[in-house]
> 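This is the structure I want to talk about, given as structure tokens.
Since the model is a prediction, treat every value here as computed from it, not as a measurement.
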Amino acid sequence: MTNKLYIMRGLPGSGKSTQAMLRINMAWGTICYCSADLFHTNIETDEYNWKPENVHYAHQWCQLEARSAMNQGFDAIIVDNTNIKKKDYQYYLDIAKQYDYEVEYLVSDTEWAWDVEECFKRNTHNVPLDVIQRMKDSYEPH
């Protein structure tokens with residue numbers, strides 16, 4: 001089987017992480033789950049503490065996790081970030097090519113995936129409504 005990189009895409013609250021977890025449960029072999037959200041989460045308390053000054057570091061950390069997993073030969077790597085624009089996930093495409101990973105995009109397909117108000121209600125990280133709207137408006141197909 002070919003090693004796979006799954007790139008989750010969608011608005012906050014659209015069901016990406018749930019779909020990622022389902023993918024993990026259905027996947028084969030060794031799996032690495034990468035998400036910038038993990039950088040902001042205290043593992044011991046499961047408390048999410050997002051700070052704007054840490055966003056860049058969180059994404060760098062996520063990229064390093066994915067690269068390390070590819071270097072170790074994980075069978076499947078799931079990148080669970082919003083990945084709204086191609087520039088958001090280009091790094092992962094580049095390393096997938098370098099390590100010969102097949103890329104599969106998983107765009108959230110829940111009933112409410114592009115309903116900004118519903119995503120606002122469902123997102124667990126208090127992303128403001130106007131930010132979710134901006135993300136929807138700037139979404140780039142892959």
> Measure the OG-CD distance between Ser14 and Glu118 for me, rounded to the nearest 0.5 Å.
11.5 Å
> What heavy-atom pair brings Ser108 and Gln19 nearest, and what distance separates the two atoms?
CA-OE1, 3.2 Å
> Do Tyr6 and Tyr105 make the cut of ring centroids closer than 6.0 angstrom?
no
> If I take atom CD1 from residue Ile84 and atom OG from residue Ser138, how far apart are they, to the nearest 0.5 angstrom?
6.0 Å
> Find the distance between CZ (Arg67) and OH (Tyr99) and round it off to the nearest 0.5 Å.
4.5 Å
> Any side-chain to backbone donor/acceptor pair from Lys4 onto Glu104? Under 3.5 Å, distance only.
no
> Check for a donor-acceptor pair, side chain of Asn83 on one end and backbone N or O of Met8 on the other, with a separation under 3.5 Å.
yes
> Give a yes or no on whether the backbone of Asp75 and the side-chain of Thr30 come within a donor-acceptor separation of less than 3.5 Å.
yes
> Between Leu11 and Ile132, what is the shortest heavy-atom contact and its length?
CD2-O, 3.8 Å
> For Glu53, I'd like to know if atom CD has over 12 heavy atoms of other residues, nucleotides or ligands within 6.0 Å.
yes
> Is the closest side-chain heavy-atom distance between Glu102 and Asn3 below 4.5 Å?
no
> Just do the salt bridge (charged side-chain N to carboxylate O under 4.0 Å, His left out) check on Lys121 and Glu117 with the steps written out, would you?
CA-CA 6 Å; Lys121 290 178 199 169; Glu117 289 189 17; 5.4 Å; no
> Is there side-chain contact between Tyr91 and His59, with heavy atoms separated by less than 4.5 Å?
no
> For atom CG of Asp130, is the number of surrounding heavy atoms from other residues, nucleotides or ligands below 6.0 Å larger than 12?
yes
> How close do Arg9 and Pro141 get, counting heavy atoms only, and between which atoms?
NH1-C, 3.8 Å
> State the NZ-CH2 distance between Lys136 and Trp114, to the nearest 0.5 angstrom.
8.0 Å
> Are Leu64 and Tyr92 grouped together when hydrophobic residues (ILVMFWY) are joined by side-chain heavy atoms under 4.5 angstrom apart?
no
> Are the side chains of Gln98 and Ile95 in contact, using a 4.5 Å heavy-atom criterion?
yes
> Do Ile78 and Ile7 share a hydrophobic cluster (ILVMFWY, side-chain heavy atoms under 4.5 Å, transitive)?
no
> What's the spacing between Gln63 CD and Gln90 CD if we round to 0.5 Å?
11.0 Å
> Between Ile31 and Ile77, does a side chain to side chain contact (heavy atoms under 4.5 Å, CB included) hold up when you go through it step by step?
CA-CA 6 Å; Ile31 302 160; Ile77 298 163; over 6 Å; no
> Transitively linked via ILVMFWY side-chain contacts under 4.5 Å: Met135 with Phe120?
yes
> Which pair of heavy atoms, one from Cys62 and one from Val79, lies closest together, and at what distance?
SG-CG1, 4.5 Å
> Start with the C-alpha distance between Asp80 and Tyr33, add both sets of side-chain angles, then the distance that settles side-chain hydrogen bond (donor to acceptor under 3.5 Å, both in side chains), and finish with yes or no.
CA-CA 7 Å; Asp80 181 16; Tyr33 175 78; 2.5 Å; yes
> Would you say Val131 and Trp112 are hydrophobically clustered, going by side-chain heavy atoms of ILVMFWY under 4.5 Å?
no
> Enter the distance from Trp61:CH2 to His56:NE2 here, rounded to the nearest 0.5 Å.
15.0 Å
> State, with a plain yes or no, whether a side-chain heavy atom of Leu93 is found less than 4.5 Å away from one of Lys86.
yes
